[in-house]
Amino acid sequence: MLATPPDFDVLIVGAGISGIGMAAHMGMKAPHHSYCIVERRDNLGGTWDLFRYPGIRSDSDMHTLGFDFEPWRHEKSIADAPAILEYLNRIVDERGIRQHIRFGHKVIRADFHHDDARWHVELEKADGSRTRMTANFLYLGAGYYDYDEPYDPGFDFGEFEGQIVHPQFWPENLDYKGKKVVVIGSGATAVTIVPSMAKDAGHVTMLQRTPTWMFTRPAKDAIANFLRAVLPERLAYRITRFKNIKMQDFSFKLARNKPQKVKDALFKKIEAALGPDYDKDSFTPPYNPWEQRLCLVPDADLFKAMKAGKASVVTGHIARFEKGGVRLTDGRFLAADIVVTATGLKLAVAGKIDVRVDGEPVKFNERFYYKGCMFSNLPNLAVVFGYLNASWTLRADINSDYVCRLLEHMRKTGASIVTPVLTPEEEAKIIEDDVFDFSSGYIQRGKHIMPKNSIAYPWRLNQEYVVDRKRMKEDPLLDGILTFTRPGANATRGVEQLEAAE
């Protein structure tokens, strides 16, 4: 028994969807454990508070981007950031989570000491001073991209004298009324910004190097709203959530198995919005659907802006930036007062925290995922990296639930260290898989820093939620890999020691 307990049983990094979800799950399923959420920003919400660009909204339906334990009550299932923040704030207040959040605390370093079974965490406060905390377990819910730096494609803006804006650092009160805007990019951010700015701008051009597969759907889910009107709220939410999960899974697998059928369906929707004479090449990527994430166009808003003459899509390569606009390599000139560089995100691992074990730096790209939640030979740490083919929160929910199982098991057995042990002999047998079999630029650019992935469970970040949910909930904790020990114990003998403790 250790002489003094840590400051907290669990330290949760990040007060966005992942961190708030973990705190809520602990309140329901691991209530005997203390926790603290540390958030570097002054507000909760993570992504939904950081990004302030026009029209920011979810690109997943809120019946799956919402938590499994808290119904989504808004009429629109494709929600804007204010609605999502309202949802998160309500959860935090109704469940007593806010009192556990420390804002303005950025985690700099976290070092796990086996001799006292705790993380020694160094944090930087808003005023630049440093403070320290200790915790038995570390839960990383800080997301997957760099909050400090977006991806920089290295543009030379040359003679351009207008405003240059990146969506990650959107200036407050940017005046674009009546102005000509060029948005560089064709991903979810660009597809959101263009129709929103087009309402007030003179004209908005989306300049894409490569088209992206786009699909339209109503922002309101008619079935969900009907069910909520005739059934108890939680039952209606569960049914809608189940429906949407199954539809996501079906659509993804159909795209992989019958890509042409999905292409035809997507083209049909675009034609319905733009008319039969639309430029099909501008919406035909050189890859199959779901080789990159599809871009959602709710209520066909982008296509409506195009049809009204307020927006356009141009495919081409930038030759240079000139006074008054952008020159393309084919000679075309796009006039611009404002250029928005929606060029993508920069991936980051573990929130860029200096993670160590007994003083030795952890190299995540040399470790394997364990059940998409923990990492090989890394004790008392879990992370959330959401699905590439479904809503982020689906993984956040099952990982939170799984960690609560671990915490309760440790409490009941007296263990204080849990480690997914991967011996050199077993590692040599693993056949690696490319977890990021998506061709998206930000994923390809960041692959070299990401953890490793096996072709088979459990050393895998899987991409099938229905399978993952069942396994994370039902597979036994004692699988011969996950070991439970106490300070000073040999991790490879953890199972035997745990059984003795029971």
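Nearest heavy atom pair, residue Ser58 against residue Leu65, reads CB-CD2, 3.7 Å. Looking at every heavy atom in both residues, Ala23 comes nearest to Ile12 through N-CD1, 3.9 Å. Taking every heavy atom of both residues into account, Gln463 and Asn389 meet most closely at O-ND2, 2.8 Å. Closest approach of Asp468 and Ile398 over heavy atoms only: CB-CD1, 3.7 Å. In terms of heavy atoms, Gly351 sits closest to Ala142 at CA-CB, 4.3 Å. Contact record, Ala15 with Ile101: CB-CG2, 4.3 Å, taken as the closest heavy-atom pair.
Summarising the local packing, CZ of Phe242 is surrounded by 12 or fewer heavy atoms from other residues, nucleotides or ligands at distances under 6.0 Å. Glu360 CD: 12 or fewer foreign heavy atoms inside a 6.0 Å radius. Annotation for Met28: atom CE counts as buried by contact number, over 12 foreign heavy atoms lying within 6.0 Å.
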**OP:** Please test Trp290 against Asn288 for side chain to side chain contact (heavy atoms under 4.5 Å, CB included), starting from the C-alpha separation and ending with a verdict.
**Re:** CA-CA 6 Å; Trp290 276 118; Asn288 287 327; over 6 Å; no
**OP:** Test side chain to side chain contact (heavy atoms under 4.5 Å, CB included) on Arg118 and Asp7 and set out the steps.
**Re:** CA-CA 10 Å; Arg118 64 191 61 175; Asp7 296 326; over 6 Å; no
**OP:** Show your reasoning for whether side chain to side chain contact (heavy atoms under 4.5 Å, CB included) applies to Met22 and Tyr35.
**Re:** CA-CA 10 Å; Met22 179 60 189; Tyr35 71 87; over 6 Å; no
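Taken to the nearest 0.5 Å, the CG atom of Asp61 stands 5.5 Å off from the CD atom of Gln248. A distance of 6.0 Å separates CE of Met197 from CG of Leu174, quoted to the nearest 0.5 Å. We find the CD1-CG distance between Ile239 and Asn244 to be 12.0 Å, quoted to the nearest 0.5 Å. Considering CZ of Arg90 and CZ of Arg95, their distance stands at 9.5 Å, rounded to 0.5 Å. The OG1 atom of Thr343 lies 7.5 Å from the CD1 atom of Ile184; values are rounded to the nearest 0.5 Å. To the nearest 0.5 Å, atom NZ of residue Lys371 and atom CG of residue Leu461 are 14.0 Å apart.
Considering Thr419, Val418, Ile417 in turn, Val418 is the only one that fulfils the side chain to side chain contact (heavy atoms under 4.5 Å, CB included) rule with Phe484.
We find that Glu122 and Arg130 are joined by a salt bridge, their nearest charged nitrogen and carboxylate oxygen being less than 4.0 Å apart. In this structure, Glu86 does not pair ionically with Arg73, as no charged nitrogen and carboxylate oxygen lie closer than 4.0 Å. Lys452 and Glu427 are joined by a salt bridge, as a carboxylate oxygen and a charged side-chain nitrogen come within less than 4.0 angstrom of each other. With salt bridges taken as basic N to acidic carboxylate O contacts below 4.0 Å, none links Asp68 and Arg241. Using a 4.0 Å cut-off between a side-chain N of Lys or Arg and a carboxylate O of Asp or Glu, Lys29 and Glu408 do not qualify as a salt bridge.
Listed for the Asn380 side chain is no donor-acceptor partner under 3.5 Å among the backbone atoms of Phe137. At distances below 3.5 Å, at least one donor-acceptor pair connects side-chain atoms of His33 with backbone N or O atoms of Leu407. Between the side chain of Arg367 and the backbone N or O of Ser376, at least one donor-acceptor pair lies under 3.5 Å. Counting only distance, with no hydrogens or angles, the side chain of Trp72 and the backbone of Ile84 share no donor-acceptor pair below 3.5 Å. Between the side chain of Arg405 and the backbone N or O of Lys473 there is at least one donor-acceptor pair closer than 3.5 Å.
If you check the side chains of Asp479 and Tyr370, you find a donor sitting under 3.5 Å from an acceptor. Counting only N and O atoms by type, the side chains of Tyr139 and Ser400 include a donor and acceptor under 3.5 Å apart.
A perpendicular orientation is assigned to the rings of Tyr387 and Tyr465, their planes being inclined by more than 60° (bins at 30° and 60°).
Taking the ring centroids of Tyr369 and Phe375, they lie under the 6.0 Å cut-off. In summary, the aromatic rings of His25 and Phe69 are positioned with their centroids under 6.0 Å apart.
Annotation: salt bridge (charged side-chain N to carboxylate O under 4.0 Å, His left out) contacts involving residues 102-114, sequence neighbours excluded, comprise Arg109-Asp354.
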